[in-house]
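Since the structure comes first, as structure tokens, the remarks are kept for the end.
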Amino acid sequence: MTSMLTGLSVKTVVDGVETSDGSGVWKMFMILAAIYFVMMFVGHLLLKKPAGWVEPQKTEKGKGMIDVIKSKPILNYVGIWVMFYLNITCGLALISQEKAIVKCIGLVGMAGCTAYSLLMTNQLVNQLDGIWHGSISYASAHEVGIGRWLWPVLDKARGYLSPDPVTSFISISLFAAAFILAMDALEIRNVPGRYLGSIIFIINTGILSALSYRYMSPTFAASCFLAVLSGFILVKTCNGEKKYRAAAVCMSGLLISFMMGLYQANLGCVCLIVLFYVMRRLCEKDTTLRELGRLILESLAALIVGAVVYYIMVNISLKYYDTSLSGYGGAENYGLVETALHLFTRLPSAYGYFVDYYRNTSIKISYFSGKLYAAVYVLIAIVLIYTFFRLLKEDKIRAVLFAVTVILVPAAVNVIYFIAYEATPQIQMTIPVSMCVPLLGCICLDSVEGIMQKWYRPVLILFMGIVLYGNYIMTIYDQQAMYMGMNSLKELGSEIVAELIRDDLYHPYYKYVFVGKPSDSPVFAKNEVIFNRANRNAAVGTWTPDDLRWVTQSWQGFWEHEMGNRLQVAGDEALNTALEDEYVRNMPVFPEKGSCALVNDVVVVKLAPVE
């Protein structure tokens, strides 16, 4: 902060040393005073008395403080003080890192906004929930039913609207802040590594996917930030006094419950921060094994506190919304006992999902093949193996524990699959695992020493640069697929409306069924290379024609949010009937005459052949 203030000073250079006369300090305060005066005066002019309110005329003594408190539910005051406590504690935790964080967030945020400019300027969304909801989110009973109790609160706080580019800018800033906070928690000092790692994290298809769910991208981002902040508080207070550590456990537990109340998949971020911190401290003599063991116990205590608060808040929310846990994703079956029963059966899956992510097949994360990540992990393994053998000579127990932390990395980032044992990886759930390469790369750049520095650091930085390039190109493919797909879908929609009007089938009382994959329509223009390379959620218009979850909601969202049209899409039953109807199977394909027809009281539009 000092350098920011003295930036307005008169600087001179004497014998190669730059000095400042300090005059920038008073100038800065004068500028701030003028700005604050204008803002306060404008606020004064805008303030109005409530309608019908008059000055009190009574002279007798009013209610005392205790009487005032008793006049409102005590939970109101508890909530106010909890939020005040969170605000002050987080502020104190971050203030020492203020300048570095602001500077790095600015650079990383600019990189993210540049990389995702196509999405932000065209308000692009994916073809799943993104197109279903557009920019409007009214989270309520459904979201609470899957355990996301804080989501409705966040939606209400932002007025239920998520217009771009502002929404994506806020989300990118939160993601960037989360990763920079993670590096500060791990005390990563290598400057090139910090910047390169941050940009690698912010430019990846997992972040892009989160942004393409525009109506909930701030929910994803806030969840990630809270998860990292929870881990940050735990590791930064592990060597403090007992009373501060106890407060940190409670604070971290609250943050975990808030994070889970927004989006549960980011729980892996907390585990990863603590695990990597233990890994780093095992290599240092200034931290005893007892202190590290205490940190692990405190982290487990924070998870328990978070789970208890989360359980309480979910049940309160379920009662408030008069609903129950949903069957979506098996949410109604999850619990402590179920997690314990499925612990060992899910262990191979957690490691398998980790390997599959970097194989770059089902979820596409890079323009290059998975061999690039294999090469990067070989480079990372060189330092990890070297560190292991160095520790083995000095302290066998530390060496064994170091190896255990390395082995546990896939389980840590995929910890959510132990709890949600019926879940399978979705691209928006990959934020924790996407942190591994940039964080491990930064740790290796920090840890390498001796003669290895001369060749290892340039080689690893080069490979991380290639990873960044591959990530960037892959995000461009996904954005271009969304852009081309949405444009083609809008053109197809316009042609459909025109044909319906000509056939006298365009009426607000009609319900419509759309048969066939939109991208297979002769009217739908697409680049095969881009669509084949892009992730499935980004290739707008390629939803499977008999996937009821996609077809009805995606079409309804498209007409309402993208076309501004009130066409009513018929439900799943009508779609099933149309798919099985022999007359529909023999109908010509749009835009041929007869491709739009009234069948079984619904208007069927056949876009492409179906099997």
F354 ring center near Y358 ring center (under 6.0 Å): yes
V314 side chain reached by V144 side chain, heavy atoms, under 4.5 Å: no
OH (Y469) with more than 12 external heavy atoms under 6.0 Å: no
Ring centres under 6.0 angstrom apart (F558, W543): no
CD1-OG distance between I312 and S317, expressed to the nearest 0.5 angstrom: 11.5 Å
Under 3.5 Å side-chain donor-acceptor pair for D478 and T205: no
Short side-chain donor-acceptor distance under 3.5 Å, R214 and S135: yes
Parallel, tilted or perpendicular: ring planes of F514 versus Y512, cut at 30 and 60 degrees: parallel
Over 12 non-hydrogen atoms of neighbours within 6.0 angstrom of OH in Y472: no
CG (N586) with more than 12 external heavy atoms under 6.0 Å: yes
Criterion side chain to side chain donor-acceptor pair (under 3.5 Å) on Q264 and Y310, from CA distance to verdict: CA-CA 11 Å; Q264 300 94 327; Y310 174 73; 3.3 Å; yes
Interatomic distance, M429 atom CE to I363 atom CD1 [nearest 0.5 angstrom]: 9.0 Å
Test item: I172 and I202 side chains (from C-beta on) under 4.5 Å apart, heavy atoms: yes
Intermediate values then yes/no, side chain to side chain contact (heavy atoms under 4.5 Å, CB included), Y373 and S366: CA-CA 9 Å; Y373 282 99; S366 176; 3.9 Å; yes
Sub-4.5 Å side-chain heavy-atom contact between N126 and Y213: yes
Minimum side-chain heavy-atom gap Y311-S257 below 4.5 Å: no
Spatial distance of atom CG (L196) from atom CG (L460) [nearest 0.5 Å]: 8.5 Å
Y367 OH: over 12 foreign heavy atoms closer than 6.0 Å: no
Minimal non-hydrogen separation, P588 against K593, with atom names: CG-O, 3.3 Å
Salt bridge D322-K319, side-chain N to carboxylate O under 4.0 Å: no
Y477 six-ring centre to R533 NZ/CZ under 6.0 Å and within 45° of normal: yes
R536 backbone acceptor or donor facing Q127 side chain under 3.5 Å: yes
Contact check, side chains of K511 and V569, non-hydrogen atoms, under 4.5 Å: no
Side-chain donor or acceptor of Q479 paired with backbone N/O of L119 under 3.5 Å: yes
Heavy-atom side-chain proximity of S488 to F524 below 4.5 angstrom: yes
Evaluation steps, side chain to side chain donor-acceptor pair (under 3.5 Å), between N565 and Y506: CA-CA 11 Å; N565 195 302; Y506 185 77; 3.1 Å; yes
Check against side chain to side chain contact (heavy atoms under 4.5 Å, CB included), M482 and L208: CA-CA 11 Å; M482 282 188 268; L208 173 61; 4.2 Å; yes
Working for ring-ring contact (aromatic ring centres under 6.0 Å, His included), residues F179 and F175: CA-CA 6 Å; F179 191 82; F175 279 125; over 10 Å; no
Non-hydrogen side-chain atoms of V589 and S521 separated by less than 4.5 Å: no
Audit row: N266, S223, side chain to side chain donor-acceptor pair (under 3.5 Å) steps and yes/no: CA-CA 7 Å; N266 290 320; S223 172; 3.0 Å; yes
M486 side chain near V125 side chain, heavy-atom distance below 4.5 Å: yes
Spacing of CG belonging to N532 relative to NZ belonging to K526, to within rounding of 0.5 Å: 8.5 Å
Point-to-point distance, once rounded to the nearest 0.5 Å, from CG of N360 to OH of Y357: 9.0 Å
Option among V467, I199, I427, N471 that satisfies the side chain to side chain contact (heavy atoms under 4.5 Å, CB included) test with N204: N471
Atom pair CG/CZ of L262 and R148 - distance to nearest 0.5 Å: 9.5 Å
